[in-house]
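Heads up, the thing below is written out as structure tokens.
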Amino acid sequence: MLAATLGAALAFGAPAALAGTAPVSPSAPSASAPAAATAAAPTSQSATWVAGTRAYLVITAPGDTTAVRTAIANNGGTVFQYYDAIGVITAHSASGSFAATMRDVSGVQQVGATRTSDVPADAYNPALPANPSQSTTPAGEPTRADMTQIKADQAWAVTTGSASVKVGILDTGVDDQHQDLAPNFNAADSASCAYGKPDARTGAWRDVGTHGTHVAGTVAAAKNGKGVIGVAPGVKISSVRIAEPGSSLFFAENTVCGFMWAGDHGFKVTNNSYYTDPWQFNCPDNADQAAIIEGVKRAQEYAESKGSLQVAAAGNSNLDLANKTTDTESPNDSTPVTRTITNACLDIPTELPGVVTVSAMGTTAKASYSNYGLNVVDITAPGGDATGIYSTLPGGKYGSMSGTSMASPHVAGVAALLVSTNPGITPAQLRDKLATQANDVACPSDSRCKGTTAKNGFFGEGQTDALKAVGSTPPPGKYFENLGDFAIGDNTTVESPITVSGVTGNAPATLKVGVNIVHTYIGDLKVDLIAPDGTVYTVHNRSGGSADNINQVYTVNASAEVANGTWKLRVNDNAGGDIGKIDAWNLTF
């Protein structure tokens, strides 16, 4: 979940992370401090708003909600948004008796207040988030340790994901102008769902904090020779901002709107690194919270029925979600109180049926802050420890954050790769594949970890593995790659180097040379592998005619060559009119 400083909504140690430079260490979570917010509370007003206005979910049978909407208007309320398909209406009222009155209306199944604070006046005239000026970063795109840990760097040699796959980032918003996100950003399917109503104005989706931009980079930062690379750098990302400015809280009506948007706009995967404010856990024996559970559940089921899988963070309170006893962090929009809870009380959306729940681990162990729970946690991924997860921040910047918020987008990215290699896959099948590709992680010597090596409360089905997800297995020999982009101009020659070390003796007779070249009319190209001693091995010699791109693994008998040293991929363009780049290449010994 949004690692815990903004109402359990932003990353640990926020002041350092918000600067976009210093790594963030997991510290004791705070449930209510809004100090990390970067956007000031909006000042826009509306004649519609009055002090004491609260938001409610009114639940009725799916279908025509006209009669219930009329009843809302007749009983001191206004309809703010409604979804006939799921029978959920967001209503506003300043009447203290509104919920009780509406519960007695024919056709109304449940009514629940979604917050213990007033609806902001900004809801009726939303201010657009800032569009920050952009910094630039020097060329260079080192592979991050978290990507190596889940073998994403090896998976990219198989696929970087399909541009036809849409991933929704349901979060604080995304800086679509960021140099590492702009190439993959899908503005046409982006919006704000803050306050519970879609706002598709240009820029409404932008970040009101930093968290959503960071998450987006982990999912799909572009492989463009600068900054960082996301797990699935070839897919498209859309921002659905569900956090409200000022508070950066995620209320139920916002989440409902986000899931409905995801279903209607063809998102194959959504990432949800938050819990639904103001209740860390929603209990079905409370009328308000029961309506929240039902409304968000129906919206999630609607999104899934449209082909969308929801991936969500497990949370950062180091709690056993399979053995709940106490909630001390709710409600986080007013004054938290300590209350006794049971396992019937749900952290949503992560504990809803069908949602993939992700815990966080460091290099080998459960992250100290991560929630856990047998048969609650489905899978685990890197979430950062003392050094955090390095990713994109608004304004063209980069920085580190830690939390299950950072683990979840790793799994969302792997899910996007699975969809890319399995077109037509259903959410249920995708859940199964995520479980199958995960690598088992045994419980440590810790009595809190229940279950088996194959499935336990700390790690679920195991650590996500991007390489296995794309249908390959780890290379049998040592693997080296260069992911940097090298431009191929007309009638020019360009070389990309790889330095090999730690390999004994000569290269094999079956040296695997993976080549990914983006270039129109590949008949212009001659491609050679150059051994450390200068010997030339030609792998492509102006064949292919007008076809586009080379994405192929060649086998070269390099047994006469000493393995260690600098190998080069040389590309010679022999004609005018078509240009491109070496996108990546690799060697497997």
Looking at Val470, is its backbone amide N or carbonyl O close enough to the side chain of Gln437 to form a donor-acceptor pair, meaning the two atoms are under 3.5 Å apart? no
Residue pair Val296 / Leu352, side-chain heavy-atom distance below 4.5 Å: yes
Sidechain N-carboxylate O distance under 4.0 Å for Arg54, Asp118: yes
Side-chain heavy-atom pair Ser330, Phe281 within 4.5 angstrom cut-off: no
Non-hydrogen side-chain atoms of Pro349 and Thr276 separated by less than 4.5 Å: yes
Does Asn286 use its side chain to pair, donor to acceptor, with the backbone of Gln289 at less than 3.5 Å? yes
Hey, are the side chains of Val108 and Thr60 touching, using non-hydrogen atoms and a 4.5 Å cut-off? no
Please round to the nearest 0.5 Å and tell me the distance separating atom OG1 of Thr363 and atom CG of Asp385. 5.5 Å
How about Tyr479 and Asp153: does a side-chain donor come under 3.5 Å of a side-chain acceptor? no
Does any N or O in the side chain of Asn271 come within less than 3.5 Å of the main-chain N or O of Ala412, such that one atom is a donor and the other an acceptor? no
Quick one: does any side-chain atom of Asp207 pair with a main-chain N or O of Gly209 as donor and acceptor, under 3.5 Å? yes
Give, for atom OG1 of Thr453 and atom CZ of Phe459, the distance between the pair rounded to the nearest 0.5 Å. 10.5 Å
Would you list the atom pairs, donor with acceptor, under 3.5 Å between side chains in residues 261-268 and any protein atom, with sequence neighbours excluded?
residue	atom	partner	partner atom	Å
Trp261	NE1	Asp189	O	2.8
Asp264	OD1	Tyr302	OH	2.4
His265	ND1	Asp189	OD1	3.0

Without hydrogens or angle criteria, can the side chains of Asn318 and Lys366 be said to hold a donor-acceptor pair below 3.5 Å? yes
Give the minimum heavy-atom separation between Ser391 and Thr218, together with the two atoms involved. OG-N, 3.3 Å
Counting C-beta onward and ignoring hydrogens, is there a side-chain heavy-atom pair between Arg144 and Ile389 closer than 4.5 Å? yes
Sidechain-backbone polar pair: Asp440 side chain, Gly462 backbone, donor-acceptor under 3.5 Å: no
Are the side chain of Thr380 and the backbone of Ser359 linked by a donor-acceptor contact shorter than 3.5 Å? yes
Are the side chains of Asn371 and Thr404 in touch, meaning some heavy atoms are under 4.5 Å apart? no
Any donor-acceptor pair under 3.5 Å from Ser317 side chain to Leu319 backbone: no
With under 30° as parallel and over 60° as perpendicular, where do the rings of Tyr372 and Phe458 fit, or are they tilted in between? perpendicular
Tell me if a side-chain donor or acceptor on Arg241 pairs with a main-chain N or O of Ala204 at a distance below 3.5 Å. yes
Is Arg103 reaching over with its side chain to a backbone N or O of Val111, donor-acceptor style, under 3.5 angstrom? yes
CD1/Ile293 to CD1/Ile59 distance, rounded to the nearest 0.5 angstrom? 11.0 Å
Inter-residue atom distance Leu249.CG - Ile242.CD1, 0.5 Å rounding: 11.0 Å
Note, Pro278 side chain near Ser334 side chain (heavy atom, < 4.5 Å): no
For the NZ atom on Lys324, are there more than 12 heavy atoms of other groups (residues, nucleotides or ligands in this structure) within a distance under 6.0 Å? yes
State, without any angle test, whether Thr357 and Thr350 hold a side-chain donor-acceptor pair at a distance under 3.5 Å. yes
Do Leu434 and Leu309 make a side-chain contact, defined as non-hydrogen atoms from C-beta onward lying under 4.5 Å apart? yes
Could you walk me through whether His211 and Ser405 pass side-chain hydrogen bond (donor to acceptor under 3.5 Å, both in side chains), step by step? CA-CA 9 Å; His211 191 276; Ser405 280; 2.9 Å; yes
Please tabulate, for side-chain N and O atoms in residues 227-237, each donor-acceptor pair with protein atoms closer than 3.5 Å (sequence neighbours left out).
residue	atom	partner	partner atom	Å
Lys236	NZ	Pro183	O	3.1

When the ring planes of His92 and Phe80 are compared, do they come out parallel, tilted or perpendicular, using 30° and 60° as the limits? parallel
Of Lys197, Arg115, Gln81, the one forming a side-chain hydrogen bond (donor to acceptor under 3.5 Å, both in side chains) with Glu253 is Arg115
Say you draw a straight line from CD1 of Ile169 to NE2 of His214; how long is it, rounded to the nearest 0.5 Å? 12.5 Å
Backbone N or O of Ala303 within a donor-acceptor pair of the Ser308 side chain at under 3.5 Å? no
